[in-house]
Amino acid sequence: MCVTCGCSDGADTTLTNPETGEVVAMANSNHDPNHTHTLPDGSVVTHSSSSSHSHTHTLPDGRVITHTHTHDSSGNHHDEVSQVHAQVHGTKISLEADILAKNNLIAAQNRGWFRGRNILALNLVSSPGAGKTTLLTRTIQDLQAQLPINVIEGDQATANDAQKIQATGCKVVQINTGTGCHLEAAMVERGCTQLNPPLNSVVMIENVGNLVCPALFDLGEQAKVAILSVTEGDDKPIKYPHIFRASQVMILTKIDLLPYVDFDVERCIEYARTVNPQMQVFQVSAKTGVGLEGWYEWLTSQCQSVQPVESM
């Protein structure tokens, strides 16, 4: 379940390797069917997805309930048991805290994994259609002689964008989140295992198009890069402040269309720096190449900010 909108509840997430054609179903990262509870009376109960089981809960009012149940194919409890668990585990707030705590733990592991291999990981976030994939393919093509770039591609469905990335010659894996509206740290962990990026390289994580939920989920990246196109409203930074506050960089794309749209660039940048005074802004057109040198210089400088790792 996404703690912001609940969109991931029941999501059927898959990972596709376009190079091998392998498609792997990914377990719901929010609920491990093999898990342990510590009950209010101090006893410990371990659940397993492989069989039915019985256990006892002591409710806040002192009642003791023993029940037997199985998990469904996704590892979820049936409704009656969910009600019991809700009484035991408390409010939605505690559930949200658990989900984010688990995500943040895996994100920290991802960050250590990236640092140990001197890999610059960037989380590209935007609304749908802002031009993330077009900017990414142009960046890969222009810098492929200087920077080894690999991509984890996130979309709810299809491998269309992964195929565009693959056509540039770089390695890519596709994560389809089903009903989910964002990537989570466990998905990136699995994607990296499949991608196996080399030492001293770059991993671009193209998140699912959404300006809300990706702000909440740390993936272990070094920085978030917010991408906003001039075909969207110039007030997006103050309408969706969390994602712009969480990002180090804003790339304003499709500036070749400025003569044809009602978009105030200066006002947009002012709004962005209202919510994030430290934000760096680049105005680019991936179609014409205008403005890309500033983005490339920033990207190169980030790679040079850490010492290379010797081959293991």
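The model shown is predicted, which means the values in this text are computed figures rather than measured ones. Numbering starts at 1 and runs along the sequence shown.
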Which is it for Ile269 and Gln283 under the side chain to side chain contact (heavy atoms under 4.5 Å, CB included) test, yes or no, and what are the steps along the way?
CA-CA 10 Å; Ile269 295 175; Gln283 302 177 46; 3.7 Å; yes
With rounding to the nearest 0.5 angstrom, report the [atom1] to [atom2] distance, [X] to [Y].
X	Y	atom1	atom2	value
Gln302	Glu297	CD	CD	12.5 Å
Leu147	Cys170	CG	SG	12.0 Å
Met26	Ile175	CE	CD1	5.0 Å

Side chains of [X] and [Y] in contact at under 4.5 Å (non-hydrogen atoms):
X	Y	value
Val172	Gln174	no
Leu252	Phe263	yes
Val202	Cys303	yes
Phe217	Leu183	no

With Arg273 via salt bridge (Lys or Arg N to Asp or Glu O under 4.0 Å) - residues at least two apart
none
Tell me whether [Y] is reachable from [X] by hopping between hydrophobic residues (I, L, V, M, F, W, Y) whose side-chain heavy atoms are closer than 4.5 Å.
X	Y	value
Val290	Tyr260	yes
Ile205	Leu124	no
Ile149	Phe114	no
Val151	Leu122	yes

Residues forming a side-chain contact (heavy atoms from CB on, under 4.5 Å) with [X], sequence neighbours excluded:
X	result
Gln248	Ala223, Trp298
Ala185	Asn103, Ile106, Ala107, Asn110
Pro197	Trp113, Ile119, Asn150, Leu195, Ser201, Val203
Asp161	Thr133, Glu153, Asp155, Lys164, Glu206

I would like to know whether Leu135 and Ile251 meet side chain to side chain contact (heavy atoms under 4.5 Å, CB included); could you show each step before the answer?
CA-CA 10 Å; Leu135 175 65; Ile251 301 180; 3.7 Å; yes
For [X], side chain to side chain donor-acceptor pair (under 3.5 Å) partners two or more places apart:
X	answer
Ser127	Glu232
Thr288	Ser285
Arg115	none

Looking at Ile152 and Gly191, what are the two nearest heavy atoms and their distance?
CD1-C, 4.1 Å
Any chance you could lay out the side chain to side chain contact (heavy atoms under 4.5 Å, CB included) test for Leu15 and Gln194, step after step, and finish with the verdict?
CA-CA 9 Å; Leu15 185 150; Gln194 185 73 229; 3.6 Å; yes
Applying salt bridge (Lys or Arg N to Asp or Glu O under 4.0 Å), which residue pairs with at least one partner in [range] are found, sequence neighbours left out?
range	value
residues 236-263	none
residues 121-141	Arg138-Asp142
residues 165-182	none
residues 211-229	Arg111-Asp218, Glu221-Lys224

Considering the options Thr274, Leu228, Leu211, which one meets the side-chain contact (heavy atoms from CB on, under 4.5 Å) requirement together with Pro237?
Leu228
Between Thr139 and Leu299, does a side chain to side chain contact (heavy atoms under 4.5 Å, CB included) hold up when you go through it step by step?
CA-CA 10 Å; Thr139 299; Leu299 183 57; 3.9 Å; yes
